[in-house]
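The block underneath contains the structure these notes are about, expressed in structure tokens.
Each chain gets a letter, A, B and so on, in the order its sequence line appears, and its residues count up from 1.
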There are 2 protein chains.
Amino acid sequence: MTEAHKPGFSDCNNATLRRAARSLGRFYDDALAPTGLKSTQFGLLFQIHISDEPAMGTIAEALIMDLSALGHTLKPLIRDGYVETFPDKDDRRVKRVRLTPQGEAKLDEALKLWGVAQQQFEDKVGAEQAAKLRAALDAVADLDLEMPTAASSN
Amino acid sequence: MTEAHKPGFSDCNNATLRRAARSLGRFYDDALAPTGLKSTQFGLLFQIHISDEPAMGTIAEALIMDLSALGHTLKPLIRDGYVETFPDKDDRRVKRVRLTPQGEAKLDEALKLWGVAQQQFEDKVGAEQAAKLRAALDAVADLDLEMPTAASSN
DNA sequence: TTCAATTAGTGGCATATGCCACTTTTGCCG
DNA sequence: CGGCAAAAGTGGCATATGCCACTAATTGAA
């Protein structure tokens, strides 16, 4: 076969993905810096915004993140007054989430800066390519991966 | 029709990337769990392995990660005896890194499990597609993105 | 109705990552 | 040569994420 270039991270799908995530994350973080929000927080606020007072579990599922991780990530946003929670009317185990007026305002503010970064990115890779990449990433994220024969070998 | 029912949630390239990273990270983490290593640690050990006693800055650059972040991430690996550092002969500011024999052994052990996960992934998406995805991700990671506003000299 | 199993979150602990302020070395220059 | 800027790391602080053990609220029998 071809004289494979430096293997390094290149071979591991996961390592490559994380590396790209660090790189792109920095870019979007820089873009949002003036708002005081991290790109992850921005994404979370947006997800809450487009949902209808979602339960924590619902958000976690949509973002494919651990429920407890979501709880942790939500704390600074609640502390800063951007988000608030309230119990579900029918199931007291369920805690629903919504943006506060300040949260909505902050999101609007962030959306403008996000747009600049997003545009910048798409100008570089092309809107078409970017859309394809996102589709591919969504497909990967939604894969039902499972370890075949879990352990107990040799 | 009703909106907001898509798997993703926004057109944000960064959010989509992070979401996929969380998802895939879990898969690889599960695969490596028997070794006691996280997929990130595995990636770091591998990077050190294929490099020639790299300086910390060199590793950070290759993985596109903050130097201080690398330092933090390295700590548990040093504590567990998989990695050791030593000063550069010519420049005392430089700290070089290498795997210990246990580190090499642990890496070998992890490589086997990684291979299974990697194979599992490629069976699902196709080796061809996976390679393309990695190429796209590497391209994204190496983009020279810059915010127009604060952009000065570079 | 009462109790075991399930579901939704919380809290603690540990790693992953970044930024910023320092400290130590080098390098460069007048 | 002396001093100042740049380079390489370190440490502290804060957020991002996961897993596990627990608690509280529900549900599904018996």
Is any NZ, NE, NH1 or NH2 atom of the basic residue among B:R134 and B:E128 found under 4.0 Å from an Asp or Glu carboxylate oxygen of the other? no
Can you tell whether the side chains of A:K124 and B:D144 come within less than 4.0 Å, N to carboxylate O? no
Could you check B:D66 against A:R96 and say which one's nearest nucleotide on DNA chain C is further toward the 5' end? A:R96
I want to confirm an ordering. Mapping B:M65 and A:G57 to their closest nucleotides on DNA chain C, which one lands closer to the 5' end? A:G57
Which side-chain N or O atoms in residues 77-85 of chain B pair as donor and acceptor under 3.5 Å with protein atoms at least two apart or in another chain?
residue : atom : partner : partner atom : Å
B:E84   : OE2  : B:R98   : NH1          : 2.9

So, is A:S68 close to the D:dG18 phosphate, meaning a side-chain N or O under 4.0 Å from OP1 or OP2? no
Sort me out a list of protein N/O and nucleotides 25-27 of chain D N/O pairs below 3.5 Å, or just none if empty.
residue : atom : partner : partner atom : Å
D:dT26  : OP1  : A:R92   : N            : 3.1
D:dT26  : O4'  : A:R93   : NE           : 3.4
D:dT26  : O4'  : A:R93   : NH1          : 3.4
D:dT26  : O4'  : A:R93   : NH2          : 3.4

Residues that [X] engages under side chain to side chain contact (heavy atoms under 4.5 Å, CB included), provided they are two or more places apart:
{"X": "B:D91", "result": "B:D88, B:R93, B:V94"}
{"X": "A:L113", "result": "A:L32, A:P34, A:T35"}
{"X": "A:T40", "result": "A:K38, B:R18"}
{"X": "A:E61", "result": "none"}

Just jot down the salt bridge (Lys or Arg N to Asp or Glu O under 4.0 Å) partners of A:R22, sequence neighbours excluded, or say none. none
Contacts of A:D66 that satisfy salt bridge (Lys or Arg N to Asp or Glu O under 4.0 Å) - sequence neighbours left out: none
With respect to the side chain of [X], which nucleotide from [options] is positioned closest?
{"X": "A:A55", "options": "C:dT17, C:dG9, D:dC19", "answer": "C:dG9"}
{"X": "A:L67", "options": "D:dG9, C:dG9, C:dG18", "answer": "C:dG9"}
{"X": "A:R18", "options": "D:dT17, C:dG18, C:dA16", "answer": "C:dA16"}

Write down the distance between [atom1] ([X]) and [atom2] ([N]), rounded to a whole number of angstrom.
{"X": "A:L45", "N": "D:dT15", "atom1": "CG", "atom2": "C1'", "result": "14 Å"}
{"X": "B:L32", "N": "C:dT15", "atom1": "CG", "atom2": "P", "result": "16 Å"}
{"X": "A:Q41", "N": "D:dA14", "atom1": "CD", "atom2": "P", "result": "13 Å"}
{"X": "B:I59", "N": "D:dG9", "atom1": "CD1", "atom2": "C1'", "result": "13 Å"}
{"X": "B:R26", "N": "D:dC20", "atom1": "CZ", "atom2": "P", "result": "11 Å"}
{"X": "B:R22", "N": "D:dA16", "atom1": "CZ", "atom2": "C1'", "result": "9 Å"}
{"X": "B:L70", "N": "C:dC19", "atom1": "CG", "atom2": "C1'", "result": "15 Å"}
{"X": "A:K38", "N": "C:dC19", "atom1": "NZ", "atom2": "C1'", "result": "8 Å"}

Got a sec? Which of residues 71-84 of chain B come in under 4.0 Å of DNA chain D, heavy atoms? B:H72, B:K75
